[in-house]
Amino acid sequence: MSLATSPLDHAADEHAAEEHGPFAWVATVDHKRIGILYLFTSLFFFAIGGIEALVIRLQLARPNNTLVSPDTFNQLFTMHGTTMIFLVVMPTLVGFGNYVVPLMIGARDMAFPRLNAMSYWLLPFGGFLLHFSVMAGGAPAGGWFSYTPLTETPFSSTPGTDYWVLALLVLGIGSVATAINFIATILTLRAPGMTMGRLPLFVWMTFVTSILVVLALPVLNASIVMLLVDRQLDAHFFLSTGGGNAVLWQHFFWTFGHPEVYILALPAFGMISEVIPVFSRKPIFGHAFVAASTVAIAILSFGVWAHHMFAVGLGRTADVFFVVASMLIAVPTGVKIFNWIATMWGGSIRFTTSMLFATAFLIEFVIGGLSGITLAAAPIDWQVTDTYYIVAHFHYVAFGGTAFGVLAGLYYWFPKMSGRLLSERLGRWNFWLMVLGFNLTFFVQHFLGILGMPRRVFTYPDLPWWGTLNLVSTLGAGLMGLASLLLVANVLYSMRRGKLAGDNPWDAWTLEWATTSPPPHDNFSEVPPVRGRRPLWDLAHATGSTPPAQAASKPPRVLDKGAVAVWCFIASEAGFFLILIIAYVFFNLAGSEPVGPSSSNVLDVKKTAAFTACLFASSGTLWLSERSLHRDRTGPAAVWLVLTIALGAVFMVGQGSEYIGLYQRGVGVATNLFATTFFTLTGFHGLHVTAGLFVLAIALGLALSRDFRSRRFALLRAVGLYWHFVDVVWLVVFSIVYLKAGR
Amino acid sequence: MSYGPYASPFDPHSPEAAAISSLFGQTLVVCAVIGFVVTALVAVCAVRFRQGKRTGEPPQIHGHTWLEIGWTVVPLAIVIGLVVLSARAMAASDPPVNREPDLVIVGHQWWWEARYASGVVTANEIHIPVGKDLLLRIESADVVHDFWVPQLGRKIDATPGHPTFIWLQADRPDTYLGACAEYCGSEHAWMRIVVVAQTPADYRAWEQHETQPAPDPTGDAARRGLAEFRGKTCIGCHAVQGVGAQPARVAPDLTHLAERKTLGAGVLQNDPDSLARWLREPQVVKPSSHMPDLNLTDDEVNDLVAYFETLR
């Protein structure tokens, strides 16, 4: 099938004509502009999160300080963490991905340009929601992992946590949409010859990260939805007073939270894997090992969450398991480090600012990784977790690692984005101030932790060395602030006055350097042939090491981007429901049945079975509709579609009548844990059925209004996959909730 | 009062803490060696392989399978060694629970309640006899807290609905500082712990003394203070053994308040002036704490201080 003729792409062409209109940046669907929007938005939030950090450091500059009140301080560190993770690092990485991934694989744009624009606009919207809390009674103050029951209504009565949840939901949906877009783009829009094995490592790591996002973010979304249900509807998921379980929140949160660490780190690893080879004038050492170690890290990241919970007291067996799993992550991470160094070894290294940041990244990230190993040893963690040692550790990973990687990437790709080089002179000042400031700020925090200073304290007693070390840390933070100002100055200055870059200022080898700087709207007038991992090197060294061209002669199998997207979406939705189902099973089937209403004494299994039959039948009718359409029989297709919608509606009426019956018997979300989990699980399923009905109705409208042939077939197939998925979820829900009750 | 030099895991004063301290030391040495090797390799690259005036491309080397295997297997071996060391330290620093607890610690926003098996109830300051391993049951009355005394061993969360246990002992008489380590809301910073380890004889004397109710106040001011303690609703939250009905334990037991070292879980030293300040403006001293500002007059404050000073 030809992707270039899809109506969305025509829309993109129309937008090309409007590139200079008054709303050019607001209405854009161009991946490059969206990438730049992401980067500037991140910079804006970086300023906010940075100022929050500086106020935190000022308050802690001396013992018993009273610059800010305890509640203000607690809001500051909550907002600082939430902002830096969700509004700065994630969007920065997505911004770079947006700009360079399509270029690096020789594509014109992302697979779904409009979805891409929507994902971006969810970012300022989410940021707005989060910050609106300040005007609505106070910012969230539960810390970025919002441990229950502190964040439940009895202990956090202001709406800060509710805005935190809503903001994260909005941002989470945007992140999943972007991740699906990246996956579809990378799988379906690669230039001829650009096999998966030849993907630049930044693209590869963005791909793996996107899979992590698709699988991990839904876990967060499901958890915060449960927290919101607790807070708004007086449910009991995480409140022990109602039988709920505070530790369950921690399990759920960190099931998301640890993969999230790699979501924040892997794309930066990808940037390092581009920058080091180019400035060492050598190909990446052990490409396959670097790529495979990324996958190993991604898989392991789902099995280590409870190392954030060693202090909970989960028992010896659990602790040992998570010690082993967490220690294992050191191995693929080490493989990366050694390959990066081996890439430099024997090279001809140019220490541009970009390469300086990449080199500092290596050492700082290793320090963060090594303190991570100490923390993976549970007994050490029992001592220094929740202290400044942890604060030092994750800032070495997230700032010394990710942020330095991003800065290497910024100095590397800025010329491509702006057509001008960042000033190397300012860059060097920027680099050395940042290295000095960062290490001053955070290295001493290891000692503070070892001297017994807990994290998240708004002040501290004047114990030996605490004041001095904190003051050093604050001075370091000041230097980091100065370095950040220099960075902004450099960007603003160089955008207008910087040295002209030309197409390929670094003499680099990946496809983005084959086009102009900045690239034209369609990216390439002609994509160079891809016969290896370094297309531009191959072009320059046409004879000799180039592999035979036959690899490109085999016509590649092109996946349908719509199908890829729907399958990814289904994977993400499955993760969401999995968490809701686990919560149901945990509270209803794993231990004793809750007191009061339960599945065995309030549910009518026979009646629901009848409605269930309708829902399953609707999958059959939808399949018949698809089949008719496939045979070009539009009339029967529409009839089957109407029947599908009718059957789905009957199911919803059935569920509605069950809800009404329960309410009349006094069973509501707040009644007990059965009711809490039952209504949340079936309610969200019902919401999905309703959404499916709307989409089916749209499909029907299209079918009735005009001819409903091949192109619409892809739409119906996508909707159909989703609809069947919703039915499968119900099959699971029905078996667990109703059939278990019938026994 | 004498504090240990630093409230640090590297100044262990119990076998449990010593096990962790030596694991920490060994692991840090291993990590330092790795860190040194990596830094040295990067430094060599930065010096030896700088482009300088070189022209032309360096040899294009794409990889080396044996090197890859090497730097996979060697770290794996190191990691396995660390896992073994960790498992041993886990057994030594967190022995299994095999009996009823000697002491129940309940975390509250923002103070610690300590209830001894002997019936003694106190707050924020825990007395233990040296050389004896006490079993502590850690609970929470509200949100998640964390009990941590670095020199004496591991920390453990106090989670509502999820009681946990740790062993606590000290090898010599001293005062050991600790704190709540899990963020628990507004006044997390002032939820500190003092552990006073005493010789067995001193400890027995302390325990014997603590089980006695508070002496009757002597002097007019103190007597007026007792009346105010009853009349100003203090008694609604705070208990003083021997004074009226035992109220709910929503605030620290004050029976032997004057003997404690700190007020407000560490926010003030315990002396008459600080006590007066605490009574006069608790929401300035410790904002958001559950101790309300009762708008006491200076006379009332002085009477209450006089009374509390008799609680020995």
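Each chain gets a letter, A, B and so on, in the order the sequences are listed, and its residues count up from 1.
With hydrogens and angles ignored, the 3.5 Å screen pairs no side-chain donor or acceptor of A:Gln383 with any backbone N or O of B:Lys155. Without hydrogens or angle criteria, A:Arg316 side chain to B:Asp94 main chain gives a donor-acceptor distance under 3.5 Å. Using modelled atom types, one side-chain atom of B:Ser8 and one backbone atom of A:Ile450 make a donor-acceptor pair closer than 3.5 Å. Panel note: side chain B:Glu182, backbone A:Asp386; no donor-acceptor pair is recorded below 3.5 Å. Looking at A:Lys282, its side chain never comes within 3.5 Å of a backbone N or O of B:Pro58 through a donor-acceptor pair.
At a threshold of 4.5 Å between non-hydrogen side-chain atoms, the residues A:Leu362 and B:Val38 do not count as touching. Annotation: side chain of A:Trp345 is not in contact with side chain of B:Ile61 (no heavy-atom distance under 4.5 Å).
Contact of A:Ser69 with chain B is not made at all, since no heavy-atom distance falls under 4.5 Å. Of the two parts of B:Trp148, only the side chain, counted from C-beta on, holds a non-hydrogen atom closer than 4.5 Å to a non-hydrogen atom of chain A. Of the atoms belonging to B:Ser186, heavy atoms from both backbone and side chain fall under 4.5 Å from chain A. Heavy atoms closer than 4.5 Å to chain A are found in both the backbone and the side chain of B:Gln60. Contact annotation for B:Leu67: only side-chain heavy atoms (C-beta onward) come within less than 4.5 Å of a heavy atom of chain A. Only the side chain of B:Phe10 comes within contact range of chain A, judged by heavy atoms closer than 4.5 Å. In this structure, chain A has a heavy atom under 4.5 Å from the side chain of B:Thr164, while its backbone stays farther away. Only the side chain of B:Gln109 comes within contact range of chain A, with at least one heavy atom under 4.5 Å from a heavy atom of that chain. Heavy atoms of B:Ala92 lying under 4.5 Å from chain A are absent altogether. Contacts of B:His162 with chain A are made by side-chain atoms alone, with heavy-atom separations under 4.5 Å and no backbone atom involved.
Of all the listed residues (A:Arg534, A:Met309, A:Arg455, A:His287), the one sharing the greatest number of non-hydrogen pairs under 4.5 Å with chain B is A:Arg534. Considering only heavy-atom pairs separated by less than 4.5 Å from chain B, the leading option among A:Asn339, A:Val324, A:Thr459 is A:Asn339. Taking B:Thr27, B:Ile34, B:Ile20 one by one and counting their heavy-atom pairs under 4.5 Å with chain A, the maximum is reached by B:Ile20. In terms of heavy-atom pairs under 4.5 Å with chain B, the best-connected choice from A:Val331, A:Ile367, A:Ile373, A:Thr359 is A:Val331. For the set B:Ser21, B:Pro75, B:Gly56, B:Pro160, the count of heavy-atom pairs under 4.5 angstrom toward chain A peaks at B:Pro160. Ranked by heavy-atom pairs shorter than 4.5 Å toward chain B, the options A:Gly346, A:Gly334, A:Pro70 are led by A:Gly346. When the candidates B:Gly161, B:Cys180, B:Cys184, B:Cys45 are compared by the number of heavy-atom contacts under 4.5 Å with chain A, B:Cys45 comes out ahead. Contact count versus chain B (heavy atoms, under 4.5 Å) is highest, among A:Phe310, A:Phe351, A:Tyr460, A:Trp340, for A:Phe351. Ranking A:Trp466, A:Phe77, A:Phe279 against chain B, the residue ahead of the rest is A:Phe77, based on heavy-atom pairs under 4.5 Å. With chain A as partner, the option from B:His64, B:Met191, B:Glu16, B:Arg48 having the largest number of non-hydrogen pairs under 4.5 angstrom is B:His64. The most heavy-atom pairs under 4.5 Å with chain A, out of B:Gly185, B:Gly266, B:Ala179, come from B:Gly185. Between chain A and the options B:Ala91, B:Ser140, B:Ala87, B:Pro96, heavy-atom pairs under 4.5 Å are most frequent for B:Ala91.
Ring geometry for A:Phe338 against B:Trp71 counts as parallel: the plane angle stays under 30°, on a 0 to 90° scale with 60° as the upper cut.
Residues passing the side chain to side chain contact (heavy atoms under 4.5 Å, CB included) test with B:His108 are B:Val106, B:Trp111, B:Glu113, B:Ala141, B:Asp142, sequence neighbours excluded.
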Side-chain donor-acceptor pairs under 3.5 Å in residues 142-151 of chain A, sequence neighbours left out?
residue: A:Tyr147; atom: OH; partner: A:Trp254; partner atom: NE1; Å: 2.9
residue: A:Thr148; atom: OG1; partner: A:Ala246; partner atom: O; Å: 3.4
residue: A:Thr151; atom: OG1; partner: A:Ser146; partner atom: O; Å: 3.1
residue: A:Thr151; atom: OG1; partner: A:Tyr147; partner atom: O; Å: 3.2

- Message: Could you walk me through whether A:Phe458 and B:His188 satisfy the side chain to side chain contact (heavy atoms under 4.5 Å, CB included) test, starting with their C-alpha distance in whole Å, then the side-chain angles of each, then the deciding distance to 0.1 Å, before giving a yes or no?
- Response: CA-CA 8 Å; A:Phe458 71 89; B:His188 167 54; over 6 Å; no
